Amino acid sequence: MTQLRFHNSLTRREEEFRPLDPAHVKLYVCGPTVYDLAHLGNARPVVVFDVLARLLRRVFPRVTYARNITDVDDKINARARESGEPISAITARTTADFHRDMAALGALPPDVEPTATGHIAEMIALTEKLIARGHAYAAEGHVLFSVGSFPDYGKLSGRNQEELLAGARIDVAPYKRDPGDFVLWKPSDDETPGWDSPWGRGRPGWHIECSAMSWRHLGQQFDIHGGGADLLFPHHENEVAQSRAAFGTPFMAHTWLHNGMLLVNGEKMSKSLGNFLTVQDILAQGPWAGEAFRLLLLRTHYRSALDYTEAGLIEAKAELDDSYAMLGRAPAVSDTPLITEMAEWALEPLVDDLNTPLAIARLRDLRTLENSATVGGSAAAVLSRIGKAWQPVPGQAAAAFREAAAVLGLAQGDPRAWLQGGDDASAIEAAIAARLAARAAKNWAEADRIRAELLAQGVVLEDGPGGTTWKRA
RNA sequence: GGUCCGAUGGCCGAGUGGUCAGGCACAGGUCUGCAAAACCUGCUACGGCGGUUCAAUUCCGCCUCGGACCUCCA
């Protein structure tokens with residue numbers, strides 16, 4: 001079995017991944033708070049952990065991937081007050097938008113997608129456990145987690161409690177015993193969503209929901225917990241404290257993975273800064289944009305910061321154009337050990353902390369191998385560089401490319417649809433036929449005029465030995 | 001102020017104690033009626049200063065710059 005390695009935020013080291021149960025791997029990722037359209041930064045963990053889930057499914061017999069929907073939150077309440085739109089309408093619409101946007105980025109749905117409002121009972125149960133074990137206390141209608149009761153608090157984010165307080169930009173609520181204590185449950189007035197609880201009508205704090213939902217769907221302890229690096233503290237730190245303190249366990253998730261931030265113009269994209277681009281903004285650029293953005297995300301290692309640029313998106317599109325063109329040329333072939341070997345080679349970098357940039361580079365090598373086989377040329381340079389003696393016949397490297405790219409969720413579409421999709425193409429075909437006639441008559445001026453005319457319409461012609469093909473620019 | 005991360009060629013972006021990343025752009029070539037596409041070739045980089053070492057872009061220290069986090073944040 002393939003040995004995966006991940007950089008574990010908990011230990012700050014790369015380590016071998018050993019599932020608690022190799023027959024059933026469990027993954028939890030923090031999902032969106034549904035009050036507004038997903039921005040580019042929201043998309044990064046979705047795409048990154050989608051690749052992780054695909055990889056895990058390839059390696060292990062069973063994987064459960066849980067990603068929550070946070071549908072109770074004060075930002076949602078605030079949005080409802082501003083707009084007058086009912087909360088349930090906001091969350092339902094935003095959830096649907098989220099699903100649509102993530103599907104456009106090629107992200108498969110998680111196996112389970114629990115909602116916070118669907119797990120109020122579990123949150124209350126967890127809070128009761130924490131009170132019973134002396135890790136939480138009720139005060140003025142609130143229930144607070146007592147960080148002083150949990151010695152390991154700060155271990156995940158690598159800080160001690162004194163440090164946390166030193167530069168804290170917070171007003172400490174008077175009912176807190178310790179400034180670091182955080183809310184598990186808080187009271188709701190009549191205008192605010194609330195549920196009956198042992199502490200009166202109220203609503204959960206932010207962090208408790210993930211502890212409750214991961215517990216319900218994955219158990220007290222599970223393999224991997226993922227999310228954005230900005231969630232490391234306080235969100236994940238608090239989750240760990242809640243879950244471990246409630247269950248008396250030595251860890252919550254064994255491995256913690258955090259994706260780096262997506263920047264725009266060198267600055268973190270965030271709703272509070274107002275400098276965010278939505279996934280919709282990207283998708284509006286064309287039917288190619290979702291997959292191009294996915295490729296853009298995966299061309300940078302998940303733990304690094306990624307500075308989004310328009311030029312990068314265009315470059316990603318061009319790369320997909322080339323890949324689909326290659327796939328479109330390649331003949332269909334039956335499976336062979338060589339195809340499997342080439343695909344495995346391309347995917348090999350993923351086992352080392354999800355090195356998608358290197359896997360993509362290898363995909364490009366497979367593309368070159370295919371092109372040299374089908375279009376013509378020498379594969380010697382590539383084979384020499386990668387130290388392989390492969391001699392694929394036309395179609396084989398393309399098949400390996402497809403198989404490997406599937407794990408990245410890329411290049412799975414119909415090449416013809418990618419290159420020639422859009423409006424009715426009959427006029428283009430007619431123009432090409434007219435040009436072929438002109439060429440046959442050696443009327444180069446007319447042939448070139450037609451070609452220029454099509455180019456002005458965004459149609460690029462390519463004359464090959466098998467005839468003239470075209471694609472939209 | 002505290003904690004952490006990063007700095008690679010015109011741009012993007014892997015990786016490594018000593019032989020190659022890769023892509024884009026650019027230049028030349030093969031092919032083509034000319035192009036385009038494809039293939040080939042070139043473009044020999046690792047922020048600064050010290051240290052360890054036979055050898056440092058890679059390890060260590062300091063510095064500079066950038067970014068993230070310090071209870072809204074993916």
Side-chain angles (χ1 to χ4, degrees), chain A residues 12 29-33 38-46 48-49 73-75 78 154 157-160 162-170 172 179-183 205-207 226-235 237-238 258-263 266-273 276 296 299-301 303-307 309 311-312 314-316 318-319 322 325-326 329 349 355-365 367-368 370-372 374-382 384-387 439 442 444 447-448 451-452 455 460-465 468-471:
Chain A
R12 290 170 192 76
V29 174
C30 289
T33 300
H39 63 59
L40 265 33
N42 298 121
R44 172 118 96 143
V46 172
V48 163
F49 294 112
D73 182 278
D74 286 350
K75 288 191 291 295
S157 56
R159 23 191 119 205
N160 59 53
E162 294 75 55
E163 279 169 11
L164 289 175
L165 296 176
R169 52 186 190 206
I170 49 163
V172 178
D181 291 352
F182 56 91
V183 170
W206 174 33
H207 316 295
D230 52 349
L231 295 183
L232 194 53
F233 188 89
H235 185 52
E237 189 70 60
N238 292 355
H258 290 93
N259 62 274
M261 294 296 94
L262 191 145
L263 311 176
E267 203 170 42
K268 188 177 80 157
M269 177 179 296
S270 81
K271 291 180 178 175
S272 56
L273 287 174
F276 61 93
L296 171 71
R299 287 201 314 180
T300 300
H301 185 84
R303 285 197 291 115
S304 300
L306 190 169
D307 199 359
T309 63
I314 300 303
E315 192 179 312
E319 178 161 3
D322 293 346
M326 175 275 290
R329 276 178 219 118
N355 192 340
T356 55
L358 190 55
I360 288 167
R362 290 187 174 190
L363 245 23
R364 293 184 189 119
D365 286 334
R367 190 178 72 201
T368 300
E370 182 60 46
N371 282 333
S372 59
T374 53
V375 183
S378 169
V382 171
S384 165
R385 172 163 52 74
I386 66 179
R439 290 184 71 204
K442 297 200 187 301
W444 307 127
D448 290 350
R451 184 168 66 194
L455 183 62
V460 178
L461 300 190
E462 294 169 8
D463 296 328
T468 297
T469 59
W470 65 276
K471 66 177 182 185

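In this text the structure is predicted, and so the values were computed from the model without any measurement. First the proteins, then the strands, lettered A, B, ... as listed; each starts at 1.
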Under 3.5 Å for both donor-acceptor distances, Watson-Crick or wobble: does [N] have a partner, and if so which one?
| N | answer |
| --- | --- |
| B:C31 | none |
| B:C54 | B:G18 |
| B:U64 | B:A7 |

Can you tell me how far [atom1] in [N] sits from the matching atom in [M], rounded to whole Å?
| N | M | atom1 | answer |
| --- | --- | --- | --- |
| B:A14 | B:G23 | C1' | 11 Å |
| B:C20 | B:C46 | C1' | 15 Å |
| B:G48 | B:U64 | C1' | 7 Å |
| B:C24 | B:G9 | C1' | 13 Å |
| B:G47 | B:G15 | P | 15 Å |
| B:G18 | B:C59 | P | 11 Å |
| B:A45 | B:U8 | C1' | 6 Å |
| B:U53 | B:U57 | C1' | 15 Å |

Q: Determine, for A:Glu319 against A:Arg364, whether the closest basic-nitrogen to carboxylate-oxygen distance falls under 4.0 angstrom.
A: yes
Q) Does the pair A:Asp365/A:Arg362 count as a salt bridge with the N-to-O cut at 4.0 Å? A) no
**Q.** Any donor-acceptor N/O pair, A:Arg44 side chain to A:Gly260 backbone, under 3.5 Å
**A.** yes
Q.
Strictly distance-based, threshold 3.5 Å: is any side-chain N or O of A:Thr374 a donor or acceptor partner for the main-chain N or O of A:Glu370?
A. yes
Look up atom [atom1] in [X] and atom [atom2] in [Y], then write down how far apart they are to the nearest 0.5 Å.
| X | Y | atom1 | atom2 | result |
| --- | --- | --- | --- | --- |
| A:Leu231 | A:Asn259 | CG | CG | 8.5 Å |
| A:Thr356 | A:His301 | OG1 | NE2 | 7.0 Å |
| A:Leu296 | A:Leu306 | CG | CG | 5.5 Å |
| A:Thr468 | A:Arg451 | OG1 | CZ | 9.5 Å |

Q: Could you check whether A:Gly227 gets within reach of a base, just the sugar-phosphate, or nothing at all, counting any heavy atom under 4.0 Å?
A: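 Contact class for A:Gly227: sugar-phosphate only.
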Taking atom [atom2] of [N] as reference, at what distance in whole Å does atom [atom1] of [X] sit?
| X | N | atom1 | atom2 | answer |
| --- | --- | --- | --- | --- |
| A:Leu296 | B:C11 | CG | P | 18 Å |
| A:His39 | B:C72 | NE2 | P | 15 Å |
| A:Glu319 | B:G23 | CD | C1' | 6 Å |
| A:Leu306 | B:G6 | CG | P | 16 Å |
| A:Phe233 | B:C72 | CZ | C1' | 14 Å |
| A:Leu232 | B:C5 | CG | C1' | 12 Å |
| A:Leu262 | B:A68 | CG | P | 12 Å |
| A:Met269 | B:G67 | CE | P | 16 Å |

Q. Using a cut-off of 4.0 Å between protein heavy atoms and nucleotide atoms, how would you tag nucleotides 24-40 of chain B 5' to 3' with B, S and -?
A. S--------BBBBSSSS
Nearest listed nucleotide, side chain of [X], among [options]:
| X | options | value |
| --- | --- | --- |
| A:Asn355 | B:A14, B:C69, B:A74 | B:A14 |
| A:Lys268 | B:A68, B:G22, B:G15 | B:A68 |
| A:Phe182 | B:A74, B:A21, B:U71 | B:U71 |
| A:His301 | B:C69, B:A14, B:A74 | B:A14 |
| A:Leu358 | B:C72, B:A74, B:A14 | B:A14 |

(Q) Here's a test of your reading of the structure: between A:Asp307 and A:Ala43, which maps to the more 5' nucleotide of RNA chain B? (A) A:Asp307
Q. Any side-chain N or O of A:Asn238 under 4.0 Å from OP1/OP2 of B:U71?
A.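 No, A:Asn238 has no side-chain N/O under 4.0 Å of OP1/OP2 on B:U71.
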Q: Determine the interplanar angle of the A:His207 and A:His235 rings, folded into 0 to 90°, and report it as parallel if under 30°, tilted if 30 to 60°, perpendicular if over 60°.
A: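 A:His207 and A:His235: tilted rings.
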